[in-house]
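Report on one structure; see the data block that follows.
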Amino acid sequence: MKELPKAYCPKDFEEKIYNNWEEKKFFNPDTINNKGKAFSIVLPPPNVTGSLHLGHAAMLAIEDLMIRYKRMQGFDTLWLPGFDHAAIATQNVVEKKIFNDEGKTRHDLGREAFLNKVEDFVSQSKKTITNQTRKMGSSVDWSRETYTLDDVRSMAVRKVFKMMYDDGLVIRGNRIVNWCPRCHTTLADDEIEYKETKSKLYWLKYGPFVLATTRPETKLGDTAVAVNPKDKRYKSMIGKKYMIPGVLGEFEITVVADEAVDPEFGTGAVKVTPAHSLVDYEIAERNELPIKQIIDEDGRMMANCGKYVGMTSLEARESIVKDMKAMGLIEKIDDDYDNKISVCYRCKTVIEPLISDQWFIDVNKKITKKGNKYFSNGASLKQVAIKVVKDKEINIIPERFEKVYFHWMENLHNWCISRQIWFGHQIPVWYDKDLKQPIISDAKPTEIVLQRHGEAKTNEKGVLSSDIDNLENGLTGTGKKQIKIMAEKLKNEKFDIIYASDFSRTKETVGILNKELKLKVIFDERLREVGVGEFEGKSVGDFVHFREADFEAWRNDSPKGIESFLHQKKRVFSCLTDILKKYSGKKVLVVSHGDVLRMAQGMHKNLTDEEIFKLGYPETGENIKIKLTNVESPNGLENIYQDSDTLDTWFSSGLWTFSTLLPEDWNGKKFEGKDMKRFHPTTVMETGYDILFFWVARMILMTTYVKGEVPFENVYLHGLVRDKNGDKMSKSKPETAIDPLQAGDKYGFDAVRLSLLIGNTAGNDIRLYDEKIEGYRNFVNKLWNISRYILMTLNPEKRDSKFELNKNVSLSDRWILSKFNTLIQDVTKMLDEYNFSGAGDLLKEFTWNDLADWYLEIAKVENDKDVVLIHILKNLLKMWHPFMPFVTEAIWQNLGSEQELMVSKFPQFDKKMIDKEGVKEFEQLQVVIGKIRNMRSEYKIDPAKKIKIQIKAGERLQSQFGIIMSLARLEKIELVIEKPEKSATAIVSDVEIYLPLAELLDIDKEIERLKSEIDNSKKYVLGLEKKLGNEEFMKNAPELVVAEEQRKFNEAKEKIEKLQNQLEELE
RNA sequence: GGGUGCUUAGCUCAGCUGGUUAGAGCACUUCGUUUACACCGAAGGGGUCGAGGGUUCGAAUCCUUCAGCACCCACCA
């Protein structure tokens, strides 16, 4: 047996072990091929905003624990990883970064360049996160990794959007939304946070009313005053119109009655600004009031605000209040009114409610859907989402969150899903300039590489050639080289076909490319260069100058025989349209000329003619990649443009449990596939309670609708990881914030995992600090050393021996085997009940107390323990493996097994190992040893000194004298029948222990000790006596309880008597 | 305003459907180079289980009121 190092050093093992698992594809259920039931978890995809924090680490530890446990139990186990593009969050991070690095805004860069920057950032984030996930030991199936923005997931998004549109669930409307003037986008109701502030409450003189408001500037948008219908003060005024004096002259309002008004607040009358308050908007809707918008999307006063135009609402407030004061329109101002203002959850900017044309999901609309059990009789999204949890089709752990879920779901308003940001799924809606109805398309975009021909002889000379007859214009040497290089690059991309202009320079380019690509080519004259008319053969500069001088003239007409811009555009667009129709979802290489490629880009970016004309195009031999969608429009493609908004990030993550299970070559028709059948609904959704609404609720809404299935059967919600003081960890408090990677490097990732698993219960926050992780690091090392000792003393021949229970086992064997099997039973039960902490506690207690402190110590004196030891060690490692995969696997490697621990079978409870008598007997032995140790300590006997004691005991205990001598460090045990004279005494039920006084101690101390023990026991007996004397107790308590109390009473009584005798003798 | 959770040893927490002389880890005290481990071992000190009331033979555990802390939700302008 090779010598193991004294202390476990995680760094020597962790990476190697993980790589080995991965190389053997153990994370992939197809390799493992377990025949059991499916057990699947889809990993909550981390946002690609940077790196993982402790919350993620906890998530990874808990899920890996479940997955490894189930995998070892033979379940067909899948843990599927992925990433979330996290639209607003990621865009904000990148925006901030660009602004800090380059001082530029996203608008300075433009959509395309900005998105490129985002993609760079995203791929960097993905790398970091992947690396961190691996370090934690997560056994996720990397071969199934997905991303919310990848092709299949994007197609799923478009497909669901169209389905919902067709069912009338996705609607467009001009409604009030939460608007963040900084992010320049709408926000869903739950993306708003509330901030407690002191603000001013203004009491305005308002025509015949006096009313209170915190936002006097919105007076400019008022169209009504609302009062409670029951309020007698205003009854006579309801329905009447009044002219109200204001800073911009008089305006008319209507008085309406509405239940939403609290007559107790202020004067009981409310000014109504429908365009800039959620409540007022609803009042306006109910009472059919006019809506007047006065604040724009930058949060500034609009043109209809007279001299206040252009001010922010805050500036306008000050200014208007000043003017109103001057006009005597302000009655009074309360200075410290407690108010909650709504702010953006991402950037904390104050939200400006305003009216906007947006896309919504109607959660209340009842629909009927064939083939979907939830909707077959008509139901709304909301109703179904409530029903599946009520019916326990989805089980939430801990249960109390069900209540929270129901409350939220019942109060859910229509969900605004459009966002005015660039990063995300662009809404799959196109508008035709001539049509009122939008066109929804779930078609798969065609990927097009726009390849410009190599340098031609005319390029070299700087002259023009657009005459089809002038076919002699081939490529220069440089041009041929350019294309050869490009062919090398393109040969790895899987194109379906080449479309090309039929000019000689493009034909020659295609020829060179196709030596590598070997594809079908279609030469299409619609891809030709613009006809240059009388500029044929003339200098390029002249032509450019001519066009730039008067773009408008050239756009429609064809002076000097030059083909007009629109004419060319029409033929190019029609060619592209044909390509899109025939090759939807495919990849096409288009070889053409600069100005043609420029138009294709214009189509891709939905630009105006002017903008197209100003666009650059690839250099000779270079290319650009674009994606275009085939949208059926009566007017053809050139008339159509796509909605520039993107979808709320939760739309795509709402599909996550099933969109991730779609096959890589999904045809976009049905949401089905092999993995889907095998793993959906997923078994457990494990995530933080903080995204119960954001995410969990959305998945339930979307999945029941799309699949007619629940997304998951169980929801396990973990808490937040907090610092030592119970505060949220943040980078601004580095003294208490812990980075999981750094902690792992310092203490090992097993220790980090344990510190997050043990002491962490569902739904509750967990505190983490260095000392805690350190404690678990110590434990990991303890386990290492237990194994090390067993391996060092083991007879190598017995290493692979199979354990079988036989009659030769000793008391200690019977005890440890019984204890161990109880442990298997309890741990299995607890893990099945999601009580990970409890299971870990039990394992730890067994490992440290029973195994290390007792059994191993006994193994040092008793012989023939090898077989039991190796049996227990192996199975204990299996049970520990899901908690701390690295160290257990590292030890396992030294046990000479062929197969890795990770793919071994989880131990099973074996009833015949349970030995209650043995356990009881051994426990008495433990107490006896404890008493002797205690006496030694009390009398300050040198631990090294071996002493003699006398014991009065039965045969059974006599057989264990060897163990007692060793563990209590005795020189000799003398068996006595009668109590010897002058000795210190301890009593353990029927066993009496005597420590001869002669050599050792002072009698006074022993008297004191005895007195105090008698005292204690007397108190105990008194309590029991009272209990047993209570008639009601004797009558009502179960027999078993009474008997046990009686037994305790007798035993204690006897003990007191003996101690009393001893005391008398000494005194 | 509504709701949820928490309050047990100095600190962090277990104690499930009521019956142990109330537990663990860390910290603390004393002792210890026993050939697995000082990232260790042995022994020990320390809690009227937030407060009051109730149910019960019996309450840390169930009910109720209150207090403190934390979090979530809500359209008091």
Side-chain angles (χ1 to χ4, degrees), chain A residues 4 6-8 190 194 201 211-215 218 226 260-262 264-266 269-273 277-283 339-340 353 398 400-401 403-404 407-408 411 689-690 692-693 719-720 722 724 726 747 751 758-761 763-769 771-772 774-793 833 835 837-838 841 844-845 849 852-853 856-857 860 930 933-938 940-944 966-969 1016-1017 1019-1021 1023-1024 1027 1030-1038 1040-1042 1044-1045 1048 1052:
Chain A
L4 294 175
K6 243 176 148 171
Y8 172 65
D190 48 342
Y194 294 91
L201 186 64
L211 38 80
T213 180
T214 51
R215 296 197 61 187
T218 58
V261 181
D262 175 6
E264 305 295 317
F265 186 89
V270 187
K271 64 191 224 35
V272 181
T273 321
S277 153
L278 265 60
V279 199
D280 292 4
Y281 180 80
E282 284 176 11
I283 294 177
N339 194 20
K340 274 186 182 173
R400 64 185 144 91
F401 280 96
K403 230 178 186 172
V404 187
H407 182 259
W408 185 83
N411 292 301
Y689 66 73
D690 50 331
L692 177 65
F693 307 135
L720 266 49
R722 297 175 174 277
K724 194 170 190 173
Y747 302 111
I758 300 180
N760 183 358
T761 47
N764 295 322
D765 293 352
I766 178 179
R767 296 191 188 191
L768 193 66
Y769 38 88
E771 295 92 308
K772 204 168 185 174
E774 213 176 281
Y776 289 107
R777 187 269 319 265
N778 295 351
F779 175 71
V780 168
N781 190 57
K782 184 77 185 182
L783 180 65
W784 174 258
N785 272 291
I786 289 169
S787 315
R788 182 166 158 244
Y789 174 75
I790 293 174
L791 284 166
M792 274 166 53
T793 54
E833 287 168 351
N835 183 357
S837 179
D841 268 335
K844 192 172 163 213
E845 202 181 295
N849 301 339
D853 291 347
L856 281 193
E857 290 307 315
K860 288 174 186 172
R933 283 169 168 176
N934 174 276
M935 282 198 277
R936 294 184 63 122
S937 169
E938 290 274 310
K940 308 235 185 299
I941 297 168
D942 178 358
S966 163
L967 296 206
R969 297 196 63 70
N1016 255 335
S1017 299
K1019 269 185 216 154
Y1020 179 44
V1021 165
L1024 289 168
K1027 214 176 205 177
N1030 185 336
E1031 268 179 51
E1032 296 294 313
F1033 172 75
M1034 299 302 279
K1035 209 164 66 191
N1036 292 318
L1040 234 87
V1041 174
V1042 176
E1044 177 61 15
E1045 300 294 289
K1048 282 192 234 163

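Chain letters run A, B, ... following the sequence lines, proteins first, then strands; residues in each count from 1. Since this is a predicted model, take the numbers as computed values, not measurements.
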Which nucleotide in the set B:G44, B:G41, B:A77 lies at the smallest distance from any side-chain heavy atom of A:Lys782? B:G41
Closest-nucleotide mapping onto RNA chain B: is A:Asn785 or A:Lys940 further toward the 5' terminus? I mean the 5' end. A:Lys940
Options B:G41, B:C76, B:U12, nucleotide nearest the side-chain atoms of A:Asp262: B:C76
In which ranges does RNA chain B form stems of 3 or more consecutive Watson-Crick or G-U pairs, distances under 3.5 Å? B:1-7 with B:67-73, B:10-13 with B:23-26, B:28-32 with B:40-44, B:50-54 with B:62-66
Considering only B:G5, B:A74, B:C75, which nucleotide approaches the side chain of A:Arg400 most closely? B:G5
Say you pick atom C1' in B:G45 and the same atom in B:C28; how far apart are they, in whole Å? 8 Å
Contacts of A:Ala852 and A:His407 projected onto RNA chain B by closest heavy atom; the upstream (5') one is A:Ala852
Restricting to salt bridge (Lys or Arg N to Asp or Glu O under 4.0 Å), what partner residues turn up for A:Lys782, sequence neighbours left out? none
Pairwise C1' distance for B:C16 and B:A59, with rounding to whole Å: 15 Å
Take atom CH2 of A:Trp784 and atom P of B:A36, then tell me their distance rounded to the nearest Å. 16 Å
Return yes if the base of B:A36 and the side-chain atoms of A:Glu857 contain a donor-acceptor N/O pair under 3.5 Å, otherwise no. yes
Please state the P separation for the pair B:A60 and B:A9 - nearest whole angstrom. 15 Å
Is there a donor-acceptor contact under 3.5 Å from the side chain of A:Arg933 to the main chain of A:Leu967? yes
For the pair A:Arg767 (side chain) and A:Lys724 (backbone), establish whether a donor and an acceptor sit closer than 3.5 Å, ignoring hydrogens and angles. yes
Is a donor-acceptor pair below 3.5 Å formed from side chain A:Lys6 to base B:C37, judging by atom type as modelled? no
Closest to the A:Asn764 side chain: B:G5, B:C39, B:A36? B:G5
May I ask you to verify if any side-chain N or O of A:Asn778 is less than 4.0 angstrom from the OP1 or OP2 atom of B:C40? yes
Think A:Lys403 has a side-chain N or O under 4.0 angstrom from the OP1 or OP2 of B:C72? no
Name the orientation class of the two ring planes belonging to A:Tyr8 and A:Trp784 (parallel below 30°, tilted from 30 to 60°, perpendicular beyond 60°). tilted
Would one find a side-chain N or O of A:Arg777 under 4.0 angstrom from OP1 or OP2 of B:C39? no
How long is the straight-line distance from CG of A:Asp853 back to CD1 of A:Ile786, given to the nearest 0.5 Å? 8.5 Å
Find every protein N or O atom lying less than 3.5 Å from an N or O atom of nucleotides 15-19 of chain B, and list the pairs.
none

Which nucleotide sits closest to the side chain of A:Arg969: B:G44, B:C40, B:U34? B:U34
Closest to the A:Asn1030 side chain, choosing from B:A77, B:A36, B:C57: B:C57
